[in-house]
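One structure below.
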Amino acid sequence: MLFNSYEFIFIFLPISCFVYFFLNKQRLTIASKAWIVLSSLFFYSWWNIIYLPLILISILFNYTVTSSIIERDKKKIKGPSRKFLFQLGLFFNIGLLIYFKYMDFFIENTNLVIGTNIELLHLALPLAISFFTLQQIAYLVDSYEGLVKEKSFLNYTVFVVFFPQLIAGPIVHHKEMMPQFSQPRNKLKSYKNISLGLFIFSLGMFKKIVIADTLSIWATEGFNGDTPMNLLEAWSTSLSYTFQLYFDFSGYTDMAVGAALLFNIKLPQNFNSPYKATGMIDFWRRWHMTLTSFITTYIYTPIVRSFKKLNFHKAMLATILSFLIAGLWHGASWMFVVFGGLHGLGIAINHYWRKKIKFKLNNMVAWFITFNFVNVTFVFFRAEDWDNAIRVLSGMANANVEIISSSWPNSINGFISPPVWIFIALAVAVSFDNSNQLLEKFKPNLKYLFGFITLSFISIMEMNKESEFLYFNF
């Protein structure tokens, strides 16, 4: 069940919200949380119920381990130590990811390197496994360090499966979300949050359906082809994907934030106009911000702590290693490793520039360099293999400027060409207020009501075309 589907918008979301507040009004707090869990598991099972036992086993195991760690904070208990339980939890969660997400990748590369002929497992990637696993790893680390203590299995389950952020984030910390469910005022309907949530949801729906899904036509045509590309085709392909990815994922985030607000739950910010960035450090402070926080806290910091004598060069090495891991997290492909390595290198160069050269570039020049670096690296993020990436990049460097070939999908509905849509996407990304700024400025007046109606109407009219969220694949 996609956020941008009739079933979700007109059936699932209204019913789940109505029943939740009805139960809270009857002071059936436990029942209201149980309803959230059941609704979220139904939402998760809509795609493929076969993976429902997997997420339930993951939740049960992690809750048991973290509860045992927390109990050992209070009193001496015979049995496994806190450290052993923590390591067991990490082994389970990372092992789960490795088995379902990377096993065939490891087998393929083993066969290639040492000439074996091990059969691939051909495992389908369970929906949302990367996100619910990362979220539970964060909770496991926080519980080991004494930062969180959750006694209720029901509360822990709500924390993991709350459907607005279950499938593709934002990655949420327990302390960010669960106290909100306990606040008495959040158990009552808030018409301000409902109006705000509906507006942000409609904005995300427009970004996804109207902008991202339109750009996906040219991105897919370009990356799925196998013939050489001229300059205009290649740049249209790369820029279409760069903007598709942003509007697709930020659109999903807006819809997640909007849906959560209907329940009076505020999810953390995940995007802050990343294509306005004037450096790679700035970019990752703006792009997929909850993942950046996870990388910094749970990957970069442990690597840094492993060095006996830390210096600037080792810190930069830790940055590159962290982004290599983050790149691989996106999928079982060397293309993601290349993408992660390039971004880690870009951040390291950005740090070296600040520390050693200390020359501040003009903002427009810095923006131009940053945006084009991101655009080029997203070619590796999207390409199926090295040859496909080089084909697109070679076209981008091709001096042959000619009209896009007749086989190319030149327009949508016969009148809007790829360069026009790319220009519109660029203007929206760098010139308009982002969703967070609109959240702060929002007032329940006629102006925002008109915006909500317009965005919703256009999006719903376009909703019948084929669609998927890109980050569901990660």
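Quick note: numbers below take in every heavy atom, side chains included, and nothing from hydrogens, waters or symmetry partners. The first residue of the sequence shown is numbered 1, and numbering continues consecutively from there. Keep in mind that this is a model prediction, so the values were computed, not measured.
- Counted by atom type alone, Lys149 and Ser143 present zero donor-acceptor pairs between their side chains at under 3.5 Å.
- Below 30°, between 30° and 60°, or above 60°: for Trp287 and Tyr246 the angle between ring planes is between 30° and 60°, a tilted geometry.
- Between Lys276 and Ser431, the shortest heavy-atom contact is CE-N, 4.4 Å.
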- Query: Taking it one step at a time, do Gln180 and Asn264 satisfy side chain to side chain contact (heavy atoms under 4.5 Å, CB included)?
  - Reply: CA-CA 8 Å; Gln180 297 185 62; Asn264 295 326; over 6 Å; no
- Message: Before you tell me yes or no, could you show the steps for Ile11 and Tyr6 under side chain to side chain contact (heavy atoms under 4.5 Å, CB included), namely the whole-Å CA-CA distance, both residues' side-chain angles and the distance that decides it to 0.1 Å?
- Response: CA-CA 7 Å; Ile11 301 175; Tyr6 299 113; over 6 Å; no
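- Heavy-atom neighbours of Phe423 CZ from other residues, nucleotides or ligands within 6.0 Å: at or below the threshold of 12.
- For CD of Glu7, the number of neighbouring non-hydrogen atoms (other residues, nucleotides, ligands) closer than 6.0 Å is greater than 12.
- A donor-acceptor contact shorter than 3.5 Å is absent between the side chain of Ser293 and the backbone of Thr290.
- Classification of the Phe8-Phe3 ring pair by plane angle, with boundaries at 30° and 60°, yields tilted.
- Of the candidates Phe12, Tyr20, Phe42, Phe132, Phe12 is the only one forming a ring pair (Phe, Tyr, Trp, His ring centres under 6.0 Å) with Phe163.
- Within 6.0 Å of the CE atom in Met461, the count of heavy atoms belonging to other residues, nucleotides or ligands exceeds 12.
- Of all the heavy atoms in Leu166 and Val160, the pair that sits closest is CD1-O, 3.5 Å.
- Between Thr237 and Phe223, some side-chain heavy-atom pair lies under the 4.5 Å cut-off.
- Using a 3.5 Å distance cut-off with no hydrogens or angles, the side chains of Asn93 and Thr133 do not pair a donor with an acceptor.
- Taking the six-membered ring for Trp and the full ring otherwise, the centers of Phe105 and Trp334 sit less than 6.0 Å from each other.
- Contact record, Ile55 with Leu41: CG2-CD2, 4.5 Å, taken as the closest heavy-atom pair.
- No more than 12 heavy-atom neighbours from other residues, nucleotides or ligands sit within 6.0 angstrom of CD1 on Ile50.
- In this structure, a donor-acceptor pair under 3.5 Å is present between the side chains of Asn434 and Ser273.
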- Take Lys101 and Ser130 through the test side chain to side chain contact (heavy atoms under 4.5 Å, CB included) and record every step on the way to the result. CA-CA 9 Å; Lys101 196 168 182 177; Ser130 295; 2.4 Å; yes
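- Counting only N and O atoms by type, the side chains of Tyr241 and Asp248 include no donor and acceptor under 3.5 Å apart.
- Contact annotation: the side chain of Phe450 never approaches that of Asn445 to less than 4.5 Å [non-hydrogen atoms, C-beta and beyond].
- Counting only distance, with no hydrogens or angles, the side chain of Asn270 and the backbone of Thr253 share no donor-acceptor pair below 3.5 Å.
- In this structure, the side chain of Thr301 engages the main chain of Thr296 through a donor-acceptor pair within 3.5 Å.
- Of the possible donor and acceptor atoms, none in the side chain of Ser58 sits under 3.5 Å from a partner among the backbone N and O of Leu54.
- For the atom pair OG (Ser459) and CD1 (Ile209), the distance works out to 5.0 Å, reported to the nearest 0.5 Å.
- Using bins of under 30°, 30° to 60° and over 60° for the plane-to-plane angle, the ring pair Phe18/Phe22 lands in the parallel bin.
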- Query: Given Thr242 and Asn375, is the side-chain hydrogen bond (donor to acceptor under 3.5 Å, both in side chains) satisfied, shown in steps?
  - Reply: CA-CA 6 Å; Thr242 291; Asn375 181 55; 2.6 Å; yes
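- Checked against Gln135 for a side chain to side chain donor-acceptor pair (under 3.5 Å), the options His174, Gln165, His173 give a single hit: Gln165.
- Between Lys207 and Ser250, the side chains place a donor N or O and an acceptor N or O closer than 3.5 Å (distance only, hydrogens not considered).
- Taking the six-membered ring wherever Trp is involved, the centroid distance between the rings of Phe131 and Trp329 falls below 6.0 Å.
- Remark: side-chain polar atoms of Ser195 are not paired, donor with acceptor, to backbone N or O of Pro444 under 3.5 angstrom.
- Here the CZ-OG distance, from Arg382 to Ser238, works out to 12.0 Å after rounding to the nearest 0.5 Å.
- With contacts defined as side-chain heavy-atom distances shorter than 4.5 Å, the pair Trp218/Leu215 qualifies.
- Within 6.0 Å of CZ on Phe368 lie no more than 12 heavy atoms contributed by other residues, nucleotides or ligands.
- Using a distance-only test at 3.5 Å, with no hydrogens or angles considered, no donor-acceptor pair links the side chain of Glu462 to the main chain of Ile458.
- Rounded to the nearest 0.5 angstrom, Leu245 CG and Ser240 OG are separated by 12.5 Å.
- Val19 has its side chain within reach of Ile15: a pair of non-hydrogen atoms, C-beta onward, lies under 4.5 Å apart.
- Rounded to the nearest 0.5 Å, atoms CZ (Arg286) and CD (Gln269) are 10.0 Å apart.
- For the pair Asn155 and Phe181, the minimum side-chain heavy-atom distance is 4.5 Å or more.
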Considering only distance and modelled atom types, tabulate donor-acceptor pairs under 3.5 Å from the side chains of residues 336-344, sequence neighbours left out.
| from | atom 1 | to | atom 2 | distance (Å) |
| --- | --- | --- | --- | --- |
| His343 | ND1 | Trp284 | NE1 | 2.9 |
| His343 | NE2 | Thr377 | OG1 | 2.8 |

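- Heavy-atom minimum distance, Ile200 versus Gly258: CG2-N, 4.2 Å.
- By the 6.0 Å contact criterion, CG on Leu147 is enclosed, its count of non-hydrogen atoms from other residues, nucleotides or ligands being greater than 12.
- Separation of atoms CG (Asp254) and CZ (Phe271) is listed at 9.0 Å; rounding is to 0.5 Å.
- Between Phe307 and Ala318 the shortest heavy-atom distance is CE1-CB, 4.1 Å.
- Shortest non-hydrogen contact noted between Ser16 and Leu13 is OG-O, 3.0 Å.
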- Message: Under the criterion side chain to side chain contact (heavy atoms under 4.5 Å, CB included), I'd like the reasoning laid out for Tyr139 against Asn62: C-alpha separation, chi angles, the key distance, then a yes or no.
- Response: CA-CA 9 Å; Tyr139 181 83; Asn62 277 283; over 6 Å; no
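- Aromatic ring orientation, Phe159 versus Tyr156: tilted (interplanar angle from 30° to 60°).
- Separation of atoms OH (Tyr300) and OG1 (Thr319) is listed at 4.5 Å; rounding is to 0.5 Å.
- Proximity of Ile167 to Phe43: side-chain heavy atoms (C-beta onward) are separated by under 4.5 Å at one or more points.
- With hydrogens and angles ignored, the 3.5 Å screen pairs a side-chain donor or acceptor of Tyr51 with a backbone N or O of Ala124.
- A heavy-atom distance below 4.5 Å is not found between the side chains of Phe283 and Asn350.
- Counting only heavy atoms from C-beta outward, the side chains of Asp213 and Lys208 approach each other to under 4.5 Å.
- Side-chain contact check for Thr66 and Glu150: no donor-acceptor pair (N or O, by modelled atom type) lies under 3.5 Å.
- Between the side chain of Trp367 and the main chain of Gly279, no donor-acceptor pair closer than 3.5 Å is present.
- Not a single salt bridge (Lys or Arg N to Asp or Glu O under 4.0 Å) links Asp104 to another residue, sequence neighbours left out.
- Ring pair Phe199/Phe452: centre-to-centre distance not below 6.0 Å.
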